[in-house]
There are 2 protein chains.
Amino acid sequence: MLKYQHIADALEKYIEEHELQQGDKLPVLQDLMNQFGVSKSTVTKALELLETKGVIFQVRGSGIFVRRHKRKGYISLLSTKGFKKILEDFQITSKVIELDIRKPTTEAALNLNVGLDEDVYYVKRIRYIHGQSLCLEESYFNKSVITYLNNEIINESIFHYITEGLGLNVGFTDMFLHVDKLTEEEADYLGLEKGDPKLYVESIFHLTNGQPFDFSKVTYNYVQSQFFVQAVL
Amino acid sequence: MLKYQHIADALEKYIEEHELQQGDKLPVLQDLMNQFGVSKSTVTKALELLETKGVIFQVRGSGIFVRRHKRKGYISLLSTKGFKKILEDFQITSKVIELDIRKPTTEAALNLNVGLDEDVYYVKRIRYIHGQSLCLEESYFNKSVITYLNNEIINESIFHYITEGLGLNVGFTDMFLHVDKLTEEEADYLGLEKGDPKLYVESIFHLTNGQPFDFSKVTYNYVQSQFFVQAVL
DNA sequence: ATTATAAATTGTACCGGTACAATTTATCAA
DNA sequence: TTGATAAATTGTACCGGTACAATTTATAAT
């Protein structure tokens with residue numbers, strides 16, 4: 001058995017058995033080296049594996065933390081090319097339907113890890129690709145992280161604003177996908193029929209330090225929903 | 001700019017610009033070290049990145065090869081947990097509807113990289129999860145690789161048979177997903193209504209040396225289609 | 001020619017090290 | 001207490017090396 005594989009397995013097992021939660025700290029690199037009696041690069045390789053699998057995230061100067069979502073029964077995938085970049089490849093335009101500051105829904109509060117009485121930015125918009133309706137999107141931004149938003153910023157690039165304008169570092173994202181039927185309202189927005197297929201995606205975006213800042217729910221037009229997956233068995 | 005990042009970018013750019021195809025050989029590690037004037041581990045790191053992104057695959061003792069599918073406009077994802085393993089987590093049963101040796105369709109021949117007159121195994125089956133219909137699956141196996149198949153093997157685990165029984169090494173898999181509406185025939189098999197949503201998945205399974213051996217088309221019941229994606233921006 | 005065996009090629013695992021960047025903690029000044 | 005500054009902590013990039021496993025190529029034997 002490979003050493004790095006063994007270490008990765010052991011750590012994953014440890015996380016499960018001790019029911020560690022998102023953000024819990026694991027032993028530092030040096031400790032892991034001693035504990036397993038291997039060199040730094042071997043531990044690093046094990047950690048890289050776990051990071052790719054989405055089991056942990058590492059913060060330079062701070063430590064190694066558990067990444068663990070609560071939902072069960074989901075097939076685990078990894079997006080290799082940033083969604084941001086993917087969308088940039090196409091010609092995406094968007095129309096903002098709503099933009100205001102409000103209290104989050106319990107669902108949004110839970111996923112953003114904020115209180116129900118805290119202010120968040122709410123954005124509802126339709127996105128178009130080559131003029132065709134691509135999706136209907138609702139986003140909640142943690143106002144204590146994204147301190148200011150306006151229509152212009154949203155129509156440019158929110159992520160560009162977050163990284164360049166606010167100087168924040170975007171890290172990992174958890175996404176939950178499922179296929180379902182369009183409601184009447186969704187169908188209206190997308191110009192389809194009620195009951196037609198949709199791809200529904202919930203995303204939770206985090207900074208590199210693990211802080212969630214954006215919870216979004218997106219309903220995709222099925223005609224546009226094409227994915228390519230590279231599976232590693 | 002990080003060295004390994006630069007190398008990865010340069011190689012990816014090279015592949016695109018020179019329109020290299022699936023299976024084309026890249027310079028060996030030693031050459032890349034010299035060419036970029038870096039150590040072995042730096043090149044290795046760049047290659048790991050590209051392998052994770054699905055741009056290349058490496059074969060020990062043989063070389064570094066291009067992995068490049070022809071289809072455009074697909075969003076790229078990576079399955080972190082093997083699909084095999086995922087399915088093992090649930091209680092999956094299956095009923096074989098058809099199993100025979102036949103000539104491949106042009107589509108299957110193309111994806112399996114075999115001639116139209118070569119024999120392939122064709123398997124059609126329904127899979128159930130906890131007794132509920134999960135999906136309708138059609139598979140084509142390259143008979144020159146998978147030399148023998150029968151009902152029993154299929155009902156056990158094909159992948160177990162391939163790795164243990166035949167001693168083959170399963171490598172990477174390309175998968176193409178999209179959302180669509182069920183045809184009447186599919187709806188019948190899955191016990192749903194015509195026009196209901198479906199998740200349609202085409203997969204091409206390869207050995208570690210890049211040889212494709214299984215082309216399969218799967219229509220998933222939308223009620224069961226839940227995915228979790230870890231995005232890295 | 002065919003087949004077995006040996007040698008060369010080529011990627012992978014792992015070590016131990018240096019330098020450094022980001023974060024956290026300790027320290028000091030106002 | 002607050003805020004700035006320095007020091008310690010901790011992960012990341014990169015080097016150069018050894019050993020080895022899988023594959024391919026060369027060589028010898030039949």
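Within every chain, numbering begins at 1; the chains are lettered A, B, ... in the order of the sequence lines, protein sequences first and strands thereafter. Note that the structure is a prediction, hence the values are computed from the model and not measured.
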Student: Are A/Asp24 and A/Arg68 within salt-bridge range, i.e. N to O under 4.0 Å?
Tutor: no
Student: Please give, in whole Å, the distance from C/dT10 P to B/Leu32 CG?
Tutor: 12 Å
Student: Take B/Gly61 and A/Val59, find for each the nucleotide of DNA chain D with the closest heavy atom, and name the residue whose nucleotide sits nearer the 5' end.
Tutor: A/Val59
Student: Could you check how far CG of A/Leu49 sits from P of C/dT12, rounded to whole Å?
Tutor: 14 Å
Student: Between A/His206 and A/Phe57, is the gap from one ring center to the other below 6.0 Å?
Tutor: no
Student: For the pair made of CD in A/Gln58 and P in D/dA13, what is the distance, rounded to whole Å?
Tutor: 10 Å
Student: Rounding to an integer number of Å, can you tell me how far B/Met33 CE sits from C/dT9 P?
Tutor: 16 Å
Student: So, A/Tyr121 side chain and A/Leu149 main chain: donor-acceptor pair closer than 3.5 Å or not?
Tutor: yes
Student: Taking the nucleotide of DNA chain C with the nearest heavy atom to each, does A/Thr42 or A/Asn169 sit closer to the 5' end?
Tutor: A/Thr42
Student: What's B/Lys45 touching, base or sugar-phosphate or nothing? Going by heavy atoms closer than 4.0 Å.
Tutor: sugar-phosphate
Student: Nearest of C/dC14, D/dC20, D/dC15 to any side-chain atom of B/Arg60?
Tutor: D/dC20
Student: Whole angstrom is fine here: how far is it from CD in B/Gln5 over to P in D/dA13?
Tutor: 9 Å
Student: Would you say a side-chain N or O of A/Gln30 is under 4.0 Å from OP1 or OP2 of D/dT9?
Tutor: no
Student: Using whole Å, what does the distance between atom P of nucleotide D/dT18 and atom NZ of A/Lys3 come to?
Tutor: 18 Å
Student: Look at A/Tyr4 and C/dC14 and indicate whether a side-chain polar atom (N or O) is within less than 4.0 Å of OP1 or OP2.
Tutor: no
Student: Is B/Lys217 salt-bridged to B/Glu202, going by a charged N under 4.0 Å from an acidic O?
Tutor: no
Student: Just call it for A/Leu29: base, sugar-phosphate, or nothing, with non-hydrogen atoms closer than 4.0 Å on any strand.
Tutor: base
Student: Output the rounded distance in Å from CG (B/Asn209) to C1' (C/dG11).
Tutor: 15 Å
Student: Choosing from C/dC14, D/dT12, D/dC15, which nucleotide comes nearest the side chain of B/Ser39?
Tutor: D/dC15
Student: Remember a base hit wins even if backbone is also touched, and classify A/Leu47 as base, sugar-phosphate or nothing at under 4.0 Å, heavy atoms.
Tutor: nothing
Student: If you compare every side-chain N and O of A/Ser62 against the phosphate oxygens of C/dT24 (OP1, OP2), does one of them come in below 4.0 Å?
Tutor: yes
Student: Just to confirm, is there a sub-4.0 Å distance from OP1 or OP2 of C/dT10 to any side-chain nitrogen or oxygen of B/Lys40?
Tutor: no
Student: When you measure from the side chain of B/Val28, which nucleotide among C/dC14, D/dG11, C/dG11 comes out closest?
Tutor: C/dG11
Student: In whole angstroms, how far is the P atom of D/dT9 from the NZ atom of A/Lys25?
Tutor: 12 Å
Student: With a 4.0 Å cut-off, would you call A/Asp119 and A/Arg102 a salt bridge?
Tutor: no
